[in-house]
Amino acid sequence: MSIPTELHDLSVAQLAAKLKAREVSSVETAQHFLARAKAHAHLGAFVHINDDVTLAQAKAADAAIAAGSSAPLAGVPIAHKDLFVTKDFPTTAASKMLDGYQSPFDATMVTRLADAGCVTLGKLNMDEFAMGSGNESSVHGKVLNPWDTARVPGGSSGGSAAAIAARLAPGVTGTDTGGSIRQPASFCGITGIKPTYGRASRYGMIAFASSLDQAGPMARTAEDCALLLSAMCGPDPDRDSTSLDMPAEDFSRKLNDSLDGLRIGIPQEFFGDGLAPDVRAAIDASLKEYEKLGAKLVPISLPRTELSIPVYYIIAPAEASSNLSRFDGVKFGHRAKDYSDLLDMYKKTRAEGFGDEVKRRIIIGTYVLSHGYYDAYYLQAQKIRRMIADDFQQAFKVCDIIAGPVAPTVAWALGSERNPLTNYLADIYTLSASLAGLPGMSVPAGFGEGGMPVGLQLVGNYFDEARLLNAAHRLQQATDFHLRRPTGMAQ
């Protein structure tokens with residue numbers, strides 16, 4: 001067999017079909033993508049690669065295909081965010097705290113995609129412990145945006161987004177706590193979806209904020225995301241207490257449904273003064289495309305949108321403070337070399353092992369959970385969180401899905417003098433859906449300042465992922481933004 005020069009330009013769906021027809025082998029496909037990952041190592045997308053493991057999986061996939069395997073993604077290579085534990089690759093969560101950690105088991109997401117036939121290319125870079133919006137806090141180094149290597153790719157799933165944009169993998173996994181799938185997908189011009197909270201198991205996904213963290217796929221097209229999400233979702237109650245008792249489903253079943261009569265809610269709060277004109281223009285153009293497809297735009301209000309920022313940055317750090325207490329140098333991971341007693345070991349280990357952003361959030365979280373402040377901050381934030389969720393339910397009485405920008409601007413410059421609060425404010429459009437536990441996604445919607453990608457955010461009601469993917473797919477049939485690639489990534 002000969003490898004077509006455009007192999008890395010094939011979608012997950014196209015590649016799965018070629019592999020099933022045995023027009024190309026899984027081994028050759030894996031070799032092709034491993035070579036690309038190494039050729040574009042300067043982007044910093046991959047942090048762990050093991051050719052022997054990947055090629056052994058690919059060889060097994062070829063044997064399964066030859067034997068008539070019915071696995072929907074047999075032989076398709078994917079890569080996992082370094083937040084999912086893997087027994088065949090190190091898992092570090094991009095932190096010195098987990099330097100060299102090798103898990104004895106695979107995360108449920110890794111297992112389910114393997115069961116669907118996928119071959120693992122390696123692990124992808126991210127913000128440390130998934131805390132960040134630019135993928136600049138990784139112990140492995142920064143990730144560069146393939147569209148402009150002087151800019152951030154977004155975070156925390158920046159390595160995942162960059163890998164798709166640069167054609168280093170056809171599909172990847174990411175995680176979304178407050179927008180960490182949608183925002184990097186927007187910044188890198190790809191498609192990504194966060195399902196309803198609890199749809200995808202969190203077992204084996206290193207916890208940041210347990211009531212918010214959710215796994216999801218990232219790829220170039222909505223069709224690809226539907227195929228990957230179908231493999232990822234399903235109940236896992238024996239291992240994940242937050243897993244919903246919802247059966248697995250085929251999220252691609254409605255992809256080609258008509259959009260006639262679809263009511264798209266347009267929140268007035270998403271189109272205020274903070275939205276950059278170039279982003280607004282791209283979003284408006286995409287909304288006009290939806291009208292051409294038969295959808296109707298409906299004005300709505302999400303009045304507590306601004307409150308999502310303080311609410312999120314109380315709840316998420318509080319949960320992070322609790323979750324990260326396990327990293328103490330005793331059981332696994334980094335341990336300080338010189339210490340006088342147990343308490344000194346705890347202090348030095350955590351001071352050495354955690355980066356600045358992680359320490360910042362631990363301190364904030366510990367403060368809001370402390371005696372005298374728990375009622376004033378944490379409990380009040382939880383009450384407002386319920387109100388934010390109620391705002392969405394009121395909106396869904398008059399619309400089917402909600403649309404708006406993913407981020408106020410396109411990707412900003414690497415190393416720019418942005419204080420932490422500025423980065424937190426950049427999450428204003430994604431946080432509310434996360435707090436409510438709703439499914440949300442980013443779809444390529446055009447380009448803004450400097451030729452940088454702009455993403456359109458679509459938010460659905462609980463368990464309405466299929467409708468979101470349908471809306472995204474029909475937009476992609478009418479536009480070509482998802483097919484464009486960064487300059488210099490053809491080879």
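None of these values were measured; they are calculated from a predicted model.
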Write down the atom of [X], the atom of [Y], and the distance for their closest heavy-atom approach.
| X | Y | result |
| --- | --- | --- |
| Thr175 | Lys81 | OG1-NZ, 2.6 Å |
| Met126 | Leu83 | CE-CD1, 3.4 Å |
| Gly155 | Asp127 | CA-OD2, 3.5 Å |
| Ala209 | Glu319 | C-OE1, 3.0 Å |
| Leu121 | Ala169 | CD1-CB, 3.8 Å |
| Ser258 | Asn470 | O-OD1, 4.4 Å |

Between [X] and [Y] (side chain of the first, backbone of the second, donor and acceptor by atom type, cut-off under 3.5 Å), is there such a pair?
| X | Y | answer |
| --- | --- | --- |
| Asp224 | Gly171 | no |
| Thr92 | Ala94 | yes |
| Lys142 | Gly44 | no |
| Arg474 | Asn256 | yes |

Heavy-atom distance under 4.5 Å between the side chains of [X] and [Y], does that happen here?
| X | Y | answer |
| --- | --- | --- |
| Ile428 | Pro408 | yes |
| Val172 | Leu124 | yes |
| Gln393 | Tyr462 | yes |
| Phe463 | Arg199 | yes |
| Val279 | Val410 | yes |
| Met441 | Leu469 | yes |
| Arg220 | Gln476 | no |
| Ile364 | Arg360 | yes |

Are [X] and [Y] close enough that a side-chain donor and a side-chain acceptor fall under 3.5 Å?
| X | Y | result |
| --- | --- | --- |
| Arg112 | Ser201 | no |
| Ser210 | Arg202 | yes |
| Arg182 | Ser434 | yes |
| Glu465 | Thr196 | yes |
| His42 | Thr149 | no |

Phe129 and Phe327 aromatic centres sub-6.0 Å:
yes
Pair Trp147 + Phe187: ring centers closer than 6.0 Å:
no
Atom [atom1] of [X] and atom [atom2] of [Y]: how far apart are they, to the nearest 0.5 Å?
| X | Y | atom1 | atom2 | value |
| --- | --- | --- | --- | --- |
| Lys288 | Tyr290 | NZ | OH | 16.0 Å |
| Leu468 | Leu229 | CG | CG | 10.5 Å |
| Thr221 | His473 | OG1 | NE2 | 8.0 Å |
| Phe84 | Thr173 | CZ | OG1 | 4.5 Å |
| Ser157 | Ile181 | OG | CD1 | 5.5 Å |
| Gln477 | Glu223 | CD | CD | 9.0 Å |

Phe270 and Tyr429 aromatic ring geometry - parallel, tilted or perpendicular at 30°/60° bounds
tilted
Salt bridge Arg467-Asp464, side-chain N to carboxylate O under 4.0 Å
yes
Result of checking Ser95, Ser137, Ser156 against Glu128 for side-chain hydrogen bond (donor to acceptor under 3.5 Å, both in side chains)
Ser95
Thr91 vs Leu98, test: side-chain contact (heavy atoms from CB on, under 4.5 Å). Steps then yes/no.
CA-CA 7 Å; Thr91 302; Leu98 282 174; 5.6 Å; no
Please check if atom [atom1] in [X] has more than 12 non-hydrogen atoms from other residues, nucleotides or ligands closer than 6.0 Å.
| X | atom1 | answer |
| --- | --- | --- |
| Asp260 | CG | yes |
| Tyr377 | OH | no |
| Glu289 | CD | yes |
| Phe271 | CZ | yes |
| Asp245 | CG | no |

Sorted by chain and residue number, the salt bridge (Lys or Arg N to Asp or Glu O under 4.0 Å) partners of Arg361 (sequence neighbours excluded) come out as Glu357
Just do the side-chain contact (heavy atoms from CB on, under 4.5 Å) check on Met131 and Phe354 with the steps written out, would you?
CA-CA 11 Å; Met131 300 179 190; Phe354 291 134; over 6 Å; no
Working note: Leu435 + Leu212, criterion side-chain contact (heavy atoms from CB on, under 4.5 Å); need CA distance, chi angles, decisive distance, verdict.
CA-CA 7 Å; Leu435 289 166; Leu212 294 159; 4.0 Å; yes
Residues Met218, Cys188; criterion side-chain contact (heavy atoms from CB on, under 4.5 Å); working and verdict:
CA-CA 11 Å; Met218 303 170 78; Cys188 290; over 6 Å; no
